[in-house]
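These notes are about the structure you will find just below.
As a basis for the values below, the full set of heavy atoms in this structure was taken, side chains included, without hydrogen atoms, waters or symmetry mates.
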Amino acid sequence: SKLRLLAAGNNSVQVLQQKLKLAARALNSVSPLATLERGYSIVSDAQSGRILTDASAIEVGTPIQARLLDGTLVATVTGIEKGEKYADKV
């Protein structure tokens with residue numbers, strides 16, 4: 001009957017909406033903006049724009065940018081302290 005067909009259609013839409021909400025939540029959790037909201041920054045070489053992940057990939061005196069949630073800090077590297085990679089600690 002028409003009522004059963006409408007109920008089945010509504011149920012399908014609700015299931016798809018729930019799946020969409022879950023997918024959006026998962027996507028947001030890996031978003032760079034979500035990382036910034038947690039207090040982290042994304043640091044890049046100010047000249048090339050290359051994201052920095054390794055302290056040995058940059059030299060003292062290099063201009064850098066640190067992207068924060070509400071803006072960007074512009075700085076110059078005055079020193080480098082090399083340490084263990086985070087992945088080696090876990």
Side-chain angles (χ1 to χ4, degrees):
S1 80
K2 272 188 170 180
L3 289 177
R4 257 194 335 208
L5 187 57
L6 283 173
N10 285 338
N11 187 39
S12 294
V13 169
Q14 288 175 351
V15 168
L16 290 173
Q17 285 176 333
Q18 183 63 25
K19 285 182 178 181
L20 180 60
K21 284 180 187 177
L22 291 173
R25 206 175 297 148
L27 185 58
N28 186 53
S29 71
V30 296
S31 161
L33 293 178
T35 301
L36 299 178
E37 287 175 352
R38 292 192 302 269
Y40 292 93
S41 65
I42 300 171
V43 180
S44 61
D45 181 314
Q47 294 172 342
S48 71
R50 182 175 46 97
I51 301 297
L52 300 175
T53 59
D54 185 354
S56 64
I58 199 99
E59 296 178 5
V60 170
T62 302
I64 59 171
Q65 294 180 333
R67 169 77 195 272
L68 306 173
L69 180 62
D70 65 348
T72 300
L73 302 176
V74 179
T76 302
V77 176
T78 60
I80 298 171
E81 295 180 15
K82 296 180 183 174
E84 296 178 42
K85 288 184 180 180
Y86 176 76
D88 294 342
K89 295 180 181 181
V90 231

Would you name the heavy atoms of Ser41 and Leu68 that are closest together and state the gap between them?
->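 Scanning both residues, the minimum pair turns out to be CB-CD2, 3.5 Å.
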Can you see which heavy atom on Ala55 is nearest to which on Glu81, and at what distance?
->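 Heavy atoms of Ala55 and Glu81 come nearest at CB-O, 4.5 Å.
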In the hydrophobic clustering (ILVMFWY, side-chain contacts below 4.5 Å, transitive), which residues join Ile58, or is it alone?
->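 Joined to Ile58, directly or through intermediates: Val43, Leu52, Val60, Ile64, Val77, Ile80.
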Which distance, rounded to the nearest 0.5 Å, do you find between the [atom1] of [X] and the [atom2] of [Y]?
X     : Y     : atom1 : atom2 : value
Asp45 : Thr62 : CG    : OG1   : 6.5 Å
Leu27 : Leu22 : CG    : CG    : 12.5 Å
Leu33 : Leu69 : CG    : CG    : 7.5 Å
Arg25 : Lys21 : CZ    : NZ    : 8.0 Å

State plainly whether one hydrophobic cluster holds both Leu20 and Val15, where clusters connect Ile, Leu, Val, Met, Phe, Trp and Tyr through side-chain heavy atoms under 4.5 angstrom apart.
->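 The answer is no; the residues belong to distinct hydrophobic clusters.
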Tell me whether Leu36 is reachable from Ile51 by hopping between hydrophobic residues (I, L, V, M, F, W, Y) whose side-chain heavy atoms are closer than 4.5 Å.
->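 Same cluster.
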Taking the side chain as every heavy atom from C-beta outward, state whether Ser56 and Lys82 have any pair of such atoms under 4.5 Å apart.
->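 They are in contact (side-chain heavy atoms under 4.5 Å apart), so the answer is yes.
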Go through the steps to decide whether Ile42 and Thr35 satisfy the test side chain to side chain contact (heavy atoms under 4.5 Å, CB included), and finish with yes or no.
-> CA-CA 9 Å; Ile42 300 171; Thr35 301; 5.6 Å; no
